[in-house]
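What's counted below: heavy atoms across the whole structure, side chains too, no hydrogens, waters or symmetry copies. Treat the numbers as computed from the prediction; the structure is a model and nothing was measured.
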Amino acid sequence: MNDLEIVAGNGLLHRRAFLTGGAALAAAVTGYRLSDTVAAQQLTDEAWSTKPGVAIPEYGIPSSFEKPVSRTLSNPKGEPRTQHARTPHHLVNGTFTPNGLHFVISHSGAPDIDPAKHRLVIHGLVKKPLSFTLDALGRYPMVSRMTFVECGGNSAAMFSNQPTQASVQAIHGLVSCAEWTGVMLSTLLDEAGIDPKATWLIAEGADSLALSRSVPIAKALDDTMVALYQNGERLNPGNGYPMRLLVPGWEGNLNVKWLRRIKLTDQPGLSYYEARTYAPILPNGKAYQFYFLQEVKSFITHPSPGLTLGAPGFYEVSGIAYSASGRIAKVMVSADGGSTWAQAALQEPVLSKAFTRFRVPWKWDGGPAVLQSRAWDEAGNVQPTRAQFVAQRGQTKTPVTNPAAFPSQHYNGPTSWAIQRTGEVTHVYS
Amino acid sequence: MSTRSAFVICALAYVVSGVSRTVIAQGLGTPISEADVAAWDISILPDGTGLPAGSGTPQQGAATYATKCAVCHGEAGKGGSAAALVGGAPLTSGIETTKTIANFWPSATTIFDFTRRAMPWPKPRSLTNDEVYALTAYLLSLNKIIGENDVMNAQTLPKVRMPNRDGFIARFPERMP
Amino acid sequence: MTRLLSAACLTFALTALAAAQSPPPRYGIGTPAPRELVAALDIDVRPDGTGLPPGSGTSREGGEVYGRTCAACHGANGQGGSAEALVGAEPMASAPFGPEYERWRSGRADVPFTIGNYWPYATTIFDYVRRAMPATAPGTLTANETYGLVAWLLMKNGIVPESAVMDADTLPKVVMPARARFAPDNRAGGAVVR
């Protein structure tokens with residue numbers, strides 16, 4: 001272990017350790033635990049090895065031992081208010097989110113849509129209004145891309161004037177990343193014929209709220225798609241089955257689910273969700289309207305509150321980074337609260353507007369440490385420090401104790417996890 | 001590697017990336033008339049585009065409100081299980097200030113648009129256009145944005161000047177059309 | 001441009017060299033596994049006989065074990081049960097290889113890949129029976145029972161005589177009928193196999 005070069009305070013190692021050590025070594029560094037370590041065992045056949053196993057189901061689901069790996073729900077009974085299902089970032093790894101764990105926000109539940117009866121209509125400032133069945137859309141050239149979707153309200157607990165004691169799932173669980181497959185919206189708009197006067201489109205869902213949002217035509221023609229598949233299978237109902245607008249990198253609510261109508265216009269609709277809900281108030285009393293981009297952000301998932309360190313020694317510090325402005329260029333990690341930094345290894349491939357997993361080998365000496373990450377994107381944007389961020393955007397006057405509250409939106413500063421001597425992880429500001 | 005082969009590789013990369021951007025109109029959409037879309041076209045724009053025929057007064061709206069809205073939003077918009085629809089603290093009170101029609105909403109047309117498309121919660125799009133105009137008038141009147149006897153219709157509603165209309169800035173002005 | 005590319009290649013090569021020369025780090029997180037614990041789990045048997053345990057068995061002994069624990073699924077004589085046939089070499093001339101076999105099998109639902117016509121190594125029978133059989137209670141057969149079963153299966157396939165004794169010395173020496181029909185996959189980027 002002395003071969004490893006310490007490059008930053010409190011034992012952060014050079015990311016080269018991964019390059020030279022290979023996959024087997026990287027895989028060995030997964031020491032975080034949800035429960036106490038079991039005693040060393042005699043190697044004997046367990047019951048599951050001495051008789052044939054259970055039948056394989058038609059649709060596979062995770063092991064019964066993985067039940068804790070699930071979303072947390074803010075409104076499990078579906079009462080008449082918004083529902084949030086948060087991704088357990090600390091219990092998964094890699095860069096894409098399984099469909100059953102993808103975050104969902106629905107302001108009125110998930111409609112039970114019969115795909116045979118569903119229609120997408122494109123009209124307004126077009127030469128020829130068109131209607132599409134799901135089958136018709138399925139015959140267009142398809143594209144697939146990895147893209148994160150993040151709620152504008154993700155990480156809202158970070159606006160609390162005191163650190164909210166909650167898991168990475170509670171604080172940052174309203175962002176996920178999937179491979180989406182569908183038809184480029186530009187293909188469909190081209191067929192309808194765009195009137196040159198059109199500068200916006202208004203997308204509307206088939207949910208009971210007929211939720212609608214306005215998107216500039218320039219973004220619609222850039223990389224927006226009508227997504228039909230999520231990680232290879234049809235969209236999950238909570239994520240818009242049978243089709244949703246996918247506006248890569250932009251505020252989650254713009255990615256209109258259960259998409260049924262696109263109207264091209266010469267002005268934005270100022271719909272409820274853009275005029276009121278997703279318009280964060282600034283300390284001077286003004287408010288942002290049309291925030292659009294989910295700015296460069298990163299947070300550490302391993303370790304994080306709920307994952308406890310065992311004995312001192314090697315651990316892999318790992319997390320996710322993403323930006324609406326392209327690829328992640330660099331992630332720096334500190335183990336001493338931001339005094340010194342080590343550059344993290346980025347898992348290839350690093351894709352534009354997608355999760356990038358970063359990793360840093362770390363030799364924990366058993367003492368207190370404060371872990372924090374900061375990401376840069378290829379456009380040169382960097383996460384502001386929390387102090388810089390709240391100086392501009394404000395924070396609450398009283399501590400936020402409910403991590404599901406939304407004091408404001410679009411926090412993209414860093415998150416700091418304090419490691420106690422016991423191995424417990426807590427949330428701190430640093 | 002020769003200069004020539006390096007050039008060929010660059011050219012190939014360009015062609016490959018060009019292919020993915022090619023837009024091919026396949027002609028699979030079924031033409032539909034705006035008249036046939038009308039049943040779904042409930043988008044109201046801030047300048048009044050899309051507002052239907054009909055009208056309503058605050059007084060008419062009060063009656064509809066009492067029967068269809070008060071159960072959740074409380075008597076006279078004071079709030080219940082759902083949000084209050086009247087009043088609101090100044091936005092300079094802090095980032096957590098509750099956003100209301102009076103202190104936040106930039107366009108009166110949004111009230112019409114959202115009420116018609118989404119309310120009442122258990123039975124959206126069940127209100128008549130006159131009822132939506134009347135409810136909009138009632139809410140604007142309760143918030144003292146229009147007078148008690150003002151009539152709301154396709155002509156008057158877009159002209160209502162909301163108190164916080166100029167309270168907004170774009171985060172990325174270069175992205176605005 | 002050419003010079004730039006060369007410089008980039010050189011830089012890459014030097015970086016790769018430096019990485020290759022660094023001693024790989026050791027994290028020390030694995031728990032040492034004592035040899036006796038590993039031995040209890042290690043049931044691998046190789047074609048040269050490595051891993052075969054002490055003990056022995058004859059076809060007569062194996063036949064009794066077979067009737068008790070195997071016949072219910074594999075049929076009384078290693079054929080005709082709900083599980084796959086264990087005995088049978090027809091058509092030995094080529095089966096199950098080559099065009100002659102393809103002609104023979106046309107129209108037949110079952111494809112008899114048996115110990116007699118397919119398996120290249122006798123040790124595989126011991127390895128597989130011990131680790132996986134009987135399917136309802138794998139790992140319950142003793143070494144002697146397994147040697148006996150292997151002797152019986154080889155005898156029924158006409159590979160060893162009724163009197164043969166199978167043990168760690170004799171089993172690896174058994175030459176299976178189809179042994180010569182297998183070739184190592186020697187593809188090196190192309191599609192041709194020797």
Side-chain angles (χ1 to χ4, degrees), chain A residues 80 108 121-123 128-132 136-137 139-141 143 159 184 186-188 190-192 199-200 202 204 208-210 212 216-219 260-261 263 265 267-272 275-276 279-293 393-397 407-408, chain B residues 20-34 36-37 40-47 49-50 72 81-82 90-97 99-101 104-107 109-111 113-119 121-125 164 167-172 175-177:
Chain A
S108 63
V121 170
I122 296 178
H123 73 121
K128 185 173 67 173
L130 294 174
S131 169
F132 299 89
L137 290 177
R139 290 173 56 197
Y140 282 89
V143 293
F159 284 93
M184 295 306 292
S186 57
T187 304
L188 304 178
D190 180 71
E191 185 170 322
T199 49
W200 292 80
I202 300 176
E204 178 183 280
S208 75
L209 296 177
S212 70
I217 287 289
K219 178 66 173 175
R260 77 167 188 181
R261 190 168 67 91
K263 182 178 190 178
T265 62
Q267 57 193 296
L270 288 186
S271 72
Y272 176 83
R276 179 213 172 258
I281 301 171
L282 298 166
N284 64 4
K286 295 278 185 181
Y288 280 134
Q289 192 176 70
F290 298 114
Y291 202 104
F292 294 149
L293 276 70
R393 306 288 288 277
Q395 61 180 344
T396 64
K397 297 193 180 93
S408 189
Chain B
S20 67
R21 306 291 299 175
T22 303
V23 172
I24 308 164
Q26 299 278 308
L28 299 170
T30 306
I32 186 170
S33 70
E34 285 290 351
D36 289 332
V37 180
W40 277 13
D41 185 5
I42 52 174
S43 298
I44 310 299
L45 305 185
D47 69 359
T49 303
C72 293
S81 61
L91 294 183
T92 47
S93 312
I95 60 169
E96 300 168 87
T97 309
K99 300 167 185 171
T100 66
I101 290 171
F104 201 82
W105 293 41
S107 174
T109 52
T110 308
I111 307 173
D113 179 277
F114 188 66
T115 303
R116 184 167 68 159
R117 75 172 58 236
M119 292 293 135
W121 182 285
K123 207 173 176 190
R125 294 183 295 287
N164 193 45
F168 296 90
I169 52 176
R171 175 71 181 93
F172 298 100
R175 298 278 185 171
M176 294 294 286

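Of the residues considered (Gly269(A), Ala218(A), Ala210(A)), Ala210(A) shows the highest number of contacts with chain B, using heavy-atom pairs under 4.5 Å. Residue with the most contacts toward chain A among Ile32(B), Leu91(B), Thr92(B): Ile32(B) (heavy-atom pairs, distance under 4.5 Å). Most heavy-atom pairs under 4.5 Å with chain A, from the set Asp41(B), Ile42(B), Ile111(B): that is Asp41(B). Counting heavy-atom pairs under 4.5 Å between each of Ala192(A), Ala275(A), Pro280(A) and chain B puts Ala275(A) at the top. The greatest number of non-hydrogen atom pairs below 4.5 Å with chain B, out of Lys397(A), Arg260(A), Arg393(A), is found for Arg260(A).
With a 4.5 angstrom heavy-atom cutoff, Ala136(A) touches chain B via backbone and side-chain atoms both. For a residue to count as touching a neighbouring chain, one of its non-hydrogen atoms must lie under 4.5 Å from one of that chain's; by this rule Ile169(B) touches chain A with backbone and side chain alike. Interface remark: Gln395(A) contributes backbone atoms only to the contact with chain B (heavy atom separation under 4.5 Å). Looking at Ala279(A), both its backbone and its side chain come within 4.5 Å of chain B, counting heavy atoms on both sides. Of the atoms belonging to Thr265(A), it is side-chain heavy atoms, and not backbone ones, that fall under 4.5 Å from chain B. With a 4.5 Å cut-off on non-hydrogen atoms, Ile101(B) does not touch chain A at all. For chain B, the nearby parts of Tyr272(A) are the backbone and the side chain; heavy atoms of each come within less than 4.5 Å. Looking at Lys286(A), the atoms closer than 4.5 Å to chain B (heavy atoms on both sides) sit in the backbone and in the side chain alike. Only the side chain of Arg261(A) comes within less than 4.5 Å of a heavy atom in chain B; its backbone stays farther off. Contacts of Leu293(A) with chain B are made by both backbone and side-chain atoms, with heavy-atom separations under 4.5 Å.
Evaluation of the side-chain contact (heavy atoms from CB on, under 4.5 Å) rule for Ile95(B) yields Phe159(A), Pro283(A), Ser408(A) as partners, not counting sequence neighbours. Listed by chain and residue number, Leu45(B), Pro46(B), Asp47(B), Thr49(B) satisfy the side-chain contact (heavy atoms from CB on, under 4.5 Å) test with Gln267(A) (two or more places apart in sequence, or in another chain).
Checking side-chain atoms of Tyr140(A) against main-chain N and O of Leu28(B) turns up a donor-acceptor pair under 3.5 Å.
Distance CH2/Trp200(A) to CE/Met176(B): 4.0 Å, rounded to 0.5 Å. Atoms OG1 and CH2, from Thr100(B) and Trp105(B) in turn, are 9.5 Å apart once rounded to the nearest 0.5 Å. Atoms CH2 and OG, on Trp40(B) and Ser131(A) in that order, are 7.0 Å from each other to the nearest 0.5 Å.
Scanning both residues, Glu34(B) and His123(A), for their nearest heavy atoms gives OE1-ND1, 2.9 Å.
For the residue pair Arg117(B) and Ser271(A), no side-chain donor N or O sits within less than 3.5 Å of a side-chain acceptor on the partner.
In this structure the side chain of Phe290(A) never reaches within 4.5 angstrom of the side chain of Pro216(A), judged on heavy atoms. The side-chain heavy atoms of Phe104(B) and Ile281(A), taken from C-beta on, include a pair separated by under 4.5 Å.
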